[in-house]
Every structure is written in structure tokens, then in C-alpha cells.
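Numbering of ligands and ligand atoms starts at 1, following listing order. Worth knowing before you read on, the calculation uses all heavy atoms, side chains too, and leaves out hydrogens, waters and symmetry mates.
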Amino acid sequence: MLINKKQTWSLPESATTPENDYLARRKFIKKAGILSAGTAISTGLAQGATAGFPEKPNLNKDFVVKDRKPTPYKWITGYNNFYEFTTDKYDVRHLANKEWKTEPWTLKIGGHVEKPLTLDVNDLCKQMGIEMRVYRFRCVEAWSMVVPWDGFPLSKLIKKVQPTSKAKYVKFTTFMDEKTAPGFKRYDYYDWPYTEGLRIDEANNELTFLAVGVYGRPIPNQNGAPIRLVVPWKYGFKSIKSLVRIDFTEDQPKTLWNSAGPNEYGFYSNVNPEVPHPRWSQATERVIGESALSPRIPTLKFNGYEEQVANIYKGMDLVKHF
Ligand SMILES: Nc1nc2c(c(=O)[nH]1)N[C@H]1C(S)=C(S)[C@@H](COP(=O)(O)O)O[C@H]1N2
Ligand SMILES: [Mo]
């Protein structure tokens, strides 16, 4: 699908992505009461790979967040961005659980690899082994959470498929089923399916994770069941949900957000408080799960993961390659 960039640009902010902090705050205040009064949101909801999910994943203590508390489960699973369903963060969990089945689910890994792979996500879970890691999560819209994810490092899967020397990038693709998700038609100015990309060294970084669970349970549909990418030092939109394909490519892949707004959403999109989004500052962030009146907190360079990732970008102009 060809997108008309002008049209995307000229949409009112509330209709395209991001969030206008003002609108978000109003919704937040209006709905916070409902959410916090709710009981366990997870009950009866569809979720991803259950048969391949361990009883209790072990926490990998090398990947924890020491200075912040994990965001409550009800917020992680109740405040979502998943435009295939809706742009309303509080309605995703309802729409994504109506008719959409995420088990069984086939994932295809191909492109420039010696050993392409097509398999069920439950089998993949059993082969890879599942551990828990707690990561900071920072959306480009300047809000954040701390999420206990369950899954495995992407590097483990990369080793298995053996990329060839031509593999310079990794392209990720989300499902596209217009029958179960209304967003494809409603927001037809986006270049569906949702795609994302990483450079191969970014994909191989020890932090880059494929998540199949949240808080020690199979990942609910609204969070990207049954398998989604998590790249904690980049803005949240890089963490693409509900993967059906992972392809190793020679050229930098086209991605949905970069195509929609190349000046607003760079291919790299590393969290950087010093580079403002054209329409808002990235210096601070709103902590989800806290009162709307709580003070914002400072945003950290590479979302606090500078030590683990700075070497990847040595010598690169991070303003130019935002
Ligand atoms: N396929 C797909 N992946 C996606 C999105 C989306 O709309 N579709 N939204 C992105 C954005 S903007 C964010 S902030 C995170 C939100 O993840 P969460 O709902 O689990 O918090 O998912 C990212 N991955
Ligand atoms: Mo986001």
C-alpha cells in the first residue's frame, strides 16, 4: 500500500500516533479510576504460547532494574499501543481479545541464513528456554513502564539459523489479518503490515529479547502474543508485537513508523533525552501506574543501558542517525 505522507502529516495529532500529552493526561485521569478499581485483568483473556511456557520462569539477575519498581500487571496489560486494533490505549485489551486467536502460531525465519526455520511458537519456547528479565520500557510518546518480561535473547535464535555474510540487518513483521483486527482498514494511511528493523549487531546485543510472557505468565494478546521483540534502549515502537516473520536482509529494511514520518521516527530511535521529538521534548517521562500528578522523571540516555550499548554506536553521529 502506498501511503500519502502529506496526509499522514496533516492529521490532527490525536488521530495519528503520538499523543499529545494533554489528551493522554485527560484520558489518564478519566480512566485511572476504572482501571485501578478493576480486579485481575488477565482472567479469561486470550494469551500466547501456553504449552511451551514454563511453570515459573527463573529471573535472570543480570537484567533487573534497581532504581524503579516494576509497573503493576494491570497497567502493563491495560494501557497498550497496538494500532492493528485501535489507537485507544485502554481499548486494546478488549479488541485484541474478541476474535483473535494467538495459539497455535507459526513463526518463519528466513532471508540470508544457512538454516531457515518455520515452527510453532510453543516448540520454539521449548527449544530456547524461557527466563525472566526486568527492563525499562520508554515509549516515544514520553511515558514509561518497568516490565518483567519472559522470553529468550534474540541472539540465541540468530545462532540457530546461522546468518550468512550478506545478513547486515534483521527485518521483523507483524501478523496482518483484517478479519480479526480493525485497525488495518480504519488507519489505512499506514503501510501495513507493521514492520521494524535492527542492524545485525543491535540484534545480537545481549539485551535484545524475544518476549513470550509478562510477569511469569504467557503474554496476553494486547501485549503482542504470542511472541514480540523487546529492545529496551530504543523507543517502544521498535519493540514490534505478534511476529510472524524474521528476515535477515542485506539492506536496511523499510519500517512502518520511519515510512510514516521519517523526520519524527528514525530508523535507530535510540532513547535520547537530548534529541527532542519535533513536537515534544524527550527530556522527561511520565511513569505509568502512578498518579497523573506525580512528577515526571528524567529520561536516561539509551534508556539507562548506555553501558551495554554505547560501543555499538562508537563514532556515529547520534543526532544525525536519530
Ligand atoms: N505490531 C505492533 N507492534 C507495536 C505497536 C503496534 O501498534 N503494532 N506499538 C508499538 C508501541 S508505539 C509501543 S509503545 C509498544 C507498546 O507495547 P505494550 O502495549 O506491550 O506496552 O509496542 C510497540 N509495538
Ligand atoms: Mo510507543
Closer than 4.0 Å to some heavy atom of [X] - which atoms of ligand 1 meet that?
X: Asn80; answer: 18 (P), 19 (O), 20 (O)
X: Thr174; answer: 1 (N)
X: Ser239; answer: 22 (O), 23 (C), 24 (N)
X: Ile240; answer: 3 (N), 24 (N)
X: Lys241; answer: 1 (N), 2 (C), 3 (N), 4 (C), 16 (C), 17 (O), 18 (P), 19 (O), 20 (O), 22 (O), 24 (N)
X: Phe137; answer: 14 (S), 15 (C), 16 (C), 17 (O)
X: Cys139; answer: 14 (S)

More than 12 heavy atoms of other groups within 6.0 Å of [X] [atom1]:
X: Lys108; atom1: NZ; answer: no
X: Lys166; atom1: NZ; answer: no
X: Lys69; atom1: NZ; answer: no

One pair to check against side-chain hydrogen bond (donor to acceptor under 3.5 Å, both in side chains): Asn223 and Lys241. What are the steps and the verdict? CA-CA 7 Å; Asn223 292 93; Lys241 294 175 167 182; over 6 Å; no
Distance-only N or O hit between ligand 1 and [X], under 3.5 Å:
X: Asn223; value: yes
X: Arg228; value: yes
X: Tyr79; value: no
X: Glu84; value: yes

Side chain to side chain, Trp257 and Tyr190, heavy atoms closer than 4.5 Å: yes
Among non-hydrogen protein atoms, atom 7 (O) of ligand 1 lies closest to Tyr83 N, 2.7 Å
The protein heavy atom nearest to atom 9 (N) of ligand 1 is Asn81 O, 3.4 Å
Regarding Asn270 and Lys234, do their side chains bring together a donor and an acceptor under 3.5 Å, going by distance alone? yes
Checking Asn97 against Gln222: is there a side-chain donor and acceptor pair closer than 3.5 Å? yes
Please check: side-chain N/O of Thr249 versus main-chain N/O of Val170, any donor-acceptor pairing under 3.5 Å? no
Is the ring pair Tyr169/Phe267 parallel, tilted or perpendicular, if the boundaries are 30 and 60 degrees? perpendicular
Candidates Trp192, Tyr83, Phe85 - the one meeting ring pair (Phe, Tyr, Trp, His ring centres under 6.0 Å) with Phe184: Trp192
Would you mind finding which of Ser242, Gly236, Pro220 brings a heavy atom closest to atom 23 (C) of ligand 1? Gly236
Logged contact type for Tyr194 with ligand 1, heavy-atom cut-off 4.0 Å, is side chain
